[in-house]
Amino acid sequence: MSKFRTQQGTVVLSAPFASIDHDKKQIEIKYTPNNYNGWGIWSYGV
């Protein structure tokens, strides 16, 4: 897992993981803004 801090928030990248739905490994990307109030943006893919 990697974590990056930006001026607008924090980005976290997960380690690659296998999925039965996809042939290629996937990673999870999570962005949390500095003014975090209980929501976030998640994206799956390579």
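All values below come from the heavy atoms of this structure, side chains included, with hydrogens, waters and symmetry mates left out.
Among residues two or more places apart in sequence or in another chain, the side chain to side chain contact (heavy atoms under 4.5 Å, CB included) test is passed with Ser19 by Asp21, His22, Gln26.
Shown here is Asn34, whose CG atom has more than 12 heavy atoms of other residues, nucleotides or ligands within 6.0 Å.
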Give every donor-acceptor pair under 3.5 Å between a side-chain atom in residues 5-16 and any protein atom, sequence neighbours left out.
unit_1 : atom_1 : unit_2 : atom_2 : d
Thr6   : OG1    : Gln8   : N      : 3.3
Thr6   : OG1    : Gly9   : N      : 3.0
Thr6   : OG1    : Gly9   : O      : 2.9
Ser14  : OG     : Glu28  : N      : 2.7

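Hydrophobic cluster membership of Ile20, counting Ile, Leu, Val, Met, Phe, Trp and Tyr whose side-chain heavy atoms lie under 4.5 Å apart directly or via other members: none, as it forms a cluster of its own.
Both Phe4 and Tyr31 belong to a common hydrophobic cluster when Ile, Leu, Val, Met, Phe, Trp and Tyr are linked at side-chain heavy-atom distances under 4.5 angstrom.
The distance from the OG atom of Ser2 to the CD1 atom of Ile27 is 9.5 Å, given to the nearest 0.5 Å.
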